[in-house]
Amino acid sequence: MRETYRLAAQQIGIEWRGRRYDRALPNAADLPNQALNHAASAVEAAAAIAVAATATIPQLGFVHEDPSQSFVLDIADLFRDSVLVPSAFRAAKEAVKKPYESIERLARRETGAALAKEGTVPKMIAKIKELFEDSQDA
């Protein structure tokens, strides 16, 4: 993921100093890190919709161990490099141009547009179905 962040930042034209986030002080992070946090929330919400639409169990993840959302987080991570990171970094770049705009608003707007343009929720649903079709065939 480090390389994905670095390449995306370079491609979009923002300064990237690494992933840094303090849960106790989320607004203390630089703009790209704040944008990543807000974009992640939006992508996780999309994943929650996909998990609900497929009647799969959000708690039964494969990678994450969060007690209530582990499968949602697993599905969201499948779209980290294609939707989340580019959306967040575009929002961070826009925030520099528009300091009067909230980074949260910019990140969520940018991520929402990307989710719609890419058809992310239907893709998430298809991935979930693929995952379980393969296990039923075995």
Side-chain angles (χ1 to χ4, degrees):
M1 269 324 296
R2 286 185 187 138
E3 188 66 6
T4 299
Y5 288 134
R6 189 189 69 73
L7 289 172
Q10 182 180 26
Q11 213 172 32
I12 291 166
I14 64 165
E15 183 178 347
W16 177 247
R17 293 185 224 129
R19 186 73 171 114
R20 290 175 181 78
Y21 175 62
D22 181 351
R23 289 188 190 278
L25 299 168
N27 293 332
D30 61 13
L31 285 175
N33 277 286
Q34 287 183 50
L36 283 167
N37 297 335
H38 297 303
S41 294
V43 174
E44 288 165 16
I49 292 167
V51 167
T54 55
T56 48
I57 302 170
Q59 297 87 349
L60 299 179
F62 298 92
V63 177
H64 289 88
E65 296 179 1
D66 180 281
S68 64
Q69 295 279 69
S70 56
F71 190 50
V72 170
L73 297 174
D74 288 351
I75 298 303
D77 270 358
L78 296 175
F79 296 85
R80 180 172 291 276
D81 60 338
S82 63
V83 176
L84 193 159
V85 174
S87 297
F89 286 178
R90 283 192 299 269
K93 185 174 184 175
E94 188 71 12
V96 172
K97 296 178 197 171
K98 298 179 179 177
Y100 51 87
E101 290 259 12
S102 155
I103 187 62
E104 179 177 7
R105 182 175 185 198
L106 291 169
R108 289 181 191 260
R109 188 181 319 141
E110 185 68 43
T111 307
L115 290 167
K117 180 182 176 191
E118 299 294 323
T120 304
V121 172
K123 286 179 182 176
M124 289 174 166
I125 290 169
K127 289 275 188 197
I128 293 168
K129 287 180 177 180
E130 284 175 31
L131 176 69
F132 289 105
E133 284 172 4
D134 289 347
S135 67
Q136 290 175 355
D137 293 340

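Computed from heavy atoms alone, side chains included, the values below leave out hydrogens, waters and symmetry copies.
By the criterion of side-chain heavy atoms lying less than 4.5 angstrom apart, applied directly or through intervening Ile, Leu, Val, Met, Phe, Trp or Tyr residues, Phe132 is grouped together with Val51 in one hydrophobic cluster. Leu73 and Phe79 are assigned to two separate hydrophobic clusters, defined by single-linkage of ILVMFWY side chains at heavy-atom distances under 4.5 Å.
Hydrophobic cluster membership of Val96, counting Ile, Leu, Val, Met, Phe, Trp and Tyr whose side-chain heavy atoms lie under 4.5 Å apart directly or via other members: Leu31, Ile103. Cluster partners of Ile125 are Ile49, Val121, counting Ile, Leu, Val, Met, Phe, Trp and Tyr whose side-chain heavy atoms approach within less than 4.5 Å, directly or via other members. By the 4.5 Å side-chain criterion applied to Ile, Leu, Val, Met, Phe, Trp and Tyr, Tyr100 is assigned to no cluster and stands alone.
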For residues 105-112, run the donor-acceptor check on the side chains, cut-off 3.5 Å, and write out each pair with its distance to 0.1 Å, sequence neighbours left out.
residue: Arg108; atom: NE; partner: Glu104; partner atom: OE2; Å: 3.1
residue: Arg108; atom: NH2; partner: Glu104; partner atom: OE2; Å: 3.4
residue: Glu110; atom: OE2; partner: Arg90; partner atom: NE; Å: 2.7
residue: Glu110; atom: OE2; partner: Arg90; partner atom: NH2; Å: 3.4
residue: Thr111; atom: OG1; partner: Ala107; partner atom: O; Å: 2.7

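Remark: the backbone N or O of Gly13 is not paired with any side-chain donor or acceptor of Lys93 at under 3.5 angstrom. Remark: the backbone N or O of Gly18 is paired with a side-chain donor or acceptor of Asn33 at under 3.5 angstrom.
For Ser70, there are no side chain to side chain donor-acceptor pair (under 3.5 Å) partners, not counting sequence neighbours.
Between Asp77 and His64 there is a side-chain heavy-atom pair separated by less than 4.5 Å. Counting heavy atoms from C-beta on, the side chains of Gln10 and Phe89 never come closer than 4.5 Å.
Ring geometry for Phe62 versus Phe71: interplanar angle over 60°, hence perpendicular rather than tilted (30 to 60°).
For Glu133 and Lys129, the salt-bridge test fails: no basic side-chain N is under 4.0 Å from an acidic carboxylate O.
Taking OG1 of Thr56 as the reference point, atom CD1 of Ile75 lies at 7.0 Å (rounded to 0.5 Å).
Sequence neighbours left out, not one pair with a member in residues 105-131 passes ring pair (Phe, Tyr, Trp, His ring centres under 6.0 Å).
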